[in-house]
Amino acid sequence: MFKLIKDIIWAWRFKRAVRQAKKLSSLFGLKYYVINMNGSLKVVPKKTIRELVRSHRFRKGVTIADIEKLALFVTR
């Protein structure tokens, strides 16, 4: 029963994040990712991910393509 409730809450948060990503993508014309970071869902534009990779925020060798593969949802 506890697992069912957790799954329902996660699905609701995921749908809300996808809706937000679609809205922001249509509004600004950027590609947005829904990523699971530190146990929570984040909606992040590709431009920001590119800047973080460039500034070595991620471990050495991580590319934008790797992050896109791990993304739960990608707009456009």
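Numbers for residues simply follow the sequence, beginning at 1.
L52 and M37 fall within the same hydrophobic cluster, defined by Ile, Leu, Val, Met, Phe, Trp and Tyr side-chain heavy atoms under 4.5 Å apart, directly or through other members. Cluster annotation: I64 and F58 are assigned to the same hydrophobic cluster (Ile/Leu/Val/Met/Phe/Trp/Tyr, side-chain heavy-atom contacts under 4.5 Å, transitive). L41 and L24 fall within a single hydrophobic cluster, where Ile, Leu, Val, Met, Phe, Trp and Tyr are joined by side-chain heavy atoms under 4.5 Å apart, directly or via other members. Cluster annotation: V43 and F73 are assigned to the same hydrophobic cluster (Ile/Leu/Val/Met/Phe/Trp/Tyr, side-chain heavy-atom contacts under 4.5 Å, transitive).
Here the side chain of T75 pairs no donor or acceptor atom with the backbone of S25 at under 3.5 angstrom. Side-chain atoms of T48 do not come within 3.5 Å of backbone N or O of V44 as any donor-acceptor pair.
Residue pairs meeting the side chain to side chain donor-acceptor pair (under 3.5 Å) criterion with at least one member in residues 59-74, sequence neighbours excluded: K31-E68, Y33-E68, T63-D66.
Among all heavy-atom pairs drawn from V53 and V62, the shortest one is CG1-O, 3.6 Å.
Distance check, rounded to the nearest 0.5 Å: OH of Y32 to NZ of K47 gives 9.5 Å.
Between I49 and I35 the shortest side-chain heavy-atom distance falls below 4.5 Å.
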Name the atoms and distances for all side-chain donor-acceptor pairs under 3.5 Å in residues 2-22, with sequence neighbours left out.
unit_1: K3; atom_1: NZ; unit_2: D7; atom_2: OD1; d: 3.2

